[in-house]
Student: 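Can you read through this structure? Questions will come right after.
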Amino acid sequence: MNAERRFVGPIDLHTHSRVSDGTETPGELIRAAHAAGLGTVALTDHDSTTGWSEASAAAREVAITLIPGMEFSTRQGYASVHLLAYLFDPTDAGIIGETARIREARHTRAEAMVARIGADYALTWDDVLAQTTPGTTIGRPHIADALVARGVVPTRSDAFEGILHWRAGYYQPHYAPDPLHAVQLVRAAGGVPVLAHPATRGVGDLMDEARLAELVEAGLFGLELDHRENKPEAKARLAVLAARHGLFVTGSSDYHGAGKPNRLGENTTAPEVLDAIIAQGAGSAPIFA
Ligand code: AMP
Ligand code: FE
Ligand code: FE
Ligand code: ZN
């Protein structure tokens, strides 16, 4: 495959299914992407590739291009940093070992948070498990959904703004690798790493530029520039950083089904950038429409 391929329709490179904290099965998500008029979609569940096979089958059925991906949880000091990874080998031992460790840590951390919340609100661990399917990468969204099911809060977003916010006192972090280690693991598995929503914490709290340079040195491909959590001022700053470090920029929705207001295709990636991702991705193949 070379850069001559023409992609038909909008390209959205960041979505979540029920395998992590989206609300649709991978198949439903792919059909929703097709119905929304997308030409290419990447499935990027948190710390898991479990959805890839179902998504691939659905993509073949509806004839949409699928980029298999994942959103890798990493941690830089106190900050949670998300790294999108595309077209890596899902059987790579480094990826399997690290993601298993993260999922286990997420599970333990969610149980601890629920024990604390359960002391003050009607919430049990079984309520949270009822919001998951076997193998789900558990996160605060599932605790949020359980609080909604219990009638404690009206929506998932309300839970995030209240009980699940670190200010409320129930928050607990979980183990996640250093972003540099994650970039190295993704490249070693033939994948293409992109820093997700780099300005989620605001323009004043962007990753230190020397740190970013280290990630670039290790093989970081790009920055997710067009994302609703990057505000205009931050975007301008990110565009400068991308140009200075020779990074590509992507755009995507970070769709979570009914779990977040983000809509499929609300931000998109340029076809030339997808060409470059495909040219560099050596661990697994896209499903072409
Ligand atoms: P955690 O990783 O467990 O700390 O939870 C943070 C995750 O919640 C991020 O991946 C967010 O994308 C996700 N999330 C899902 N739905 C929402 C929502 N409605 N508001 C805020 N975050 C959300
Ligand atoms: Fe999420
Ligand atoms: Fe994220
Ligand atoms: Zn995401």
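Source: prediction; values computed, not measured. Read the numbers this way: they start at 1 and go in the same order the structure lists the ligands and their atoms.
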Student: Taking atom types as modelled, is there a side-chain donor on Asp45 or Ser17 under 3.5 Å from an acceptor on the other?
Tutor: yes
Student: Given OE1 of Glu71 on one side and NE2 of His14 on the other, what angle do they make at the Zn ion (ligand 4), to 10°?
Tutor: 90°
Student: Is it possible for you to say whether Ile102 and Phe88 belong to one hydrophobic cluster, with membership spreading through side-chain heavy-atom contacts below 4.5 Å?
Tutor: yes
Student: Below 4.0 Å, non-hydrogen atoms only: which portion of Ser157 touches ligand 1? Side chain, backbone, both or neither.
Tutor: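 Contact part for Ser157 vs ligand 1: both backbone and side chain.
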Student: Decide whether Ser56 and Ser53 meet the rule of one side-chain donor and one side-chain acceptor closer than 3.5 Å.
Tutor: no
Student: Which residue from His46, His14, Arg140, His165 reaches closest to atom 10 (O) of ligand 1 through any of its heavy atoms?
Tutor: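 The option holding the nearest heavy atom is His46.
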Student: Using only N, O or S atoms, tell me which atom of Glu71 is closest to the Fe ion (ligand 3).
Tutor: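 It is OE2, the N, O or S atom of Glu71 closest to the Fe ion (ligand 3).
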Student: Looking only at distances, please establish whether an N/O atom of ligand 1 is found under 3.5 Å from an N/O atom of Lys260.
Tutor: yes
Student: Any ion pair linking Arg211 and Glu214 (charged N to carboxylate O, less than 4.0 Å)?
Tutor: yes
Student: Side-chain donor-acceptor pair under 3.5 Å between Thr200 and Glu229, yes or no?
Tutor: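 There is such a pair between these side chains.
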Student: Looking only at N, O or S atoms, find the one in Asp254 nearest to the Zn ion (ligand 4) and name it.
Tutor: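 When I compare the N, O and S atoms of Asp254, OD1 is nearest to the Zn ion (ligand 4).
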Student: Return yes when at least one N/O/S atom of His46 is nearer than 2.8 Å to the Fe ion (ligand 3), and no when none is.
Tutor: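 It does not; every qualifying atom lies at 2.8 Å or beyond.
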Student: Among all protein heavy atoms, pick out the one at the shortest distance from atom 2 (O) of ligand 1; state its residue, atom name and that distance to 0.1 Å.
Tutor: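 Result for atom 2 (O) of ligand 1: Arg106 NH2, 3.1 Å.
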Student: Name the closest protein heavy atom to atom 15 (C) of ligand 1, giving the residue it belongs to and the distance to 0.1 Å.
Tutor: Arg156 NH1, 3.3 Å
Student: Are any of the heavy atoms in Glu71 under 4.0 Å away from ligand 1?
Tutor: no
Student: Using heavy atoms and a 4.0 Å limit, tell me yes or no: is His82 in contact with ligand 1?
Tutor: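 It does; at least one heavy atom falls under 4.0 Å.
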Student: Given the rule that I, L, V, M, F, W and Y join up when any side-chain heavy atoms are under 4.5 Å apart, are Val194 and Leu241 in one cluster?
Tutor: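 Val194 does not cluster with Leu241.
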Student: Within the structure, is a non-hydrogen atom of Arg109 found at a distance of less than 4.0 Å from ligand 1?
Tutor: yes
Student: Strictly by modelled atom types, are Glu209 and His245 linked by a side-chain donor-acceptor pair under 3.5 Å?
Tutor: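 Note: Glu209 and His245 side chains meet the donor-acceptor criterion.
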Student: Does a side-chain N-to-carboxylate-O contact under 4.0 Å join Asp226 and Lys235?
Tutor: yes
Student: Between Asp254 and His16, is any side-chain donor less than 3.5 angstrom from a side-chain acceptor?
Tutor: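 His16 and Asp254 do have a side-chain donor-acceptor pair below 3.5 Å.
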Student: For Gly139, counting its heavy atoms only, list the atoms of ligand 1 lying under 4.0 Å from any of them.
Tutor: 3 (O)
Student: Look at atom 13 (C) of ligand 1 and say which protein heavy atom is nearest, naming residue and atom and giving the distance to 0.1 Å.
Tutor: Asp21 OD2, 3.2 Å
Student: At a threshold of 2.8 Å, where the distance has to be below it, does the Fe ion (ligand 3) have an N, O or S atom of His82 nearby?
Tutor: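 Yes.
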Student: Kindly indicate, with the supporting measurements, whether the criterion side-chain contact (heavy atoms from CB on, under 4.5 Å) is fulfilled by Leu195 and Leu247.
Tutor: CA-CA 10 Å; Leu195 210 51; Leu247 291 165; over 6 Å; no
Student: Tell me, which protein residue and heavy-atom name are nearest atom 21 (C) of ligand 1, and how many Å apart are they?
Tutor: Phe160 CG, 3.4 Å
Student: Hydrophobic clustering (ILVMFWY, side-chain heavy atoms < 4.5 Å, transitive) - are Val273 and Leu43 grouped together?
Tutor: no
Student: I'd like the atom name of the N/O/S atom in His197 lying closest to the Fe ion (ligand 3).
Tutor: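 So the atom name we want here is NE2.
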Student: To the nearest 0.5 Å, what is the distance between CD (Glu233) and CG (Asn230)?
Tutor: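 The distance works out to 12.0 Å.
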Student: With a cut-off of 4.0 Å, which atoms of ligand 1 are near a heavy atom of Gly259?
Tutor: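 Those qualifying, in numeric order: 16 (N), 17 (C), 18 (C), 19 (N).
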Student: Any N/O/S atom, side chain or main chain, of His16 closer to the Zn ion (ligand 4) than 2.8 Å?
Tutor: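 A backbone or side-chain N, O or S atom of His16 is under 2.8 Å from the Zn ion (ligand 4).
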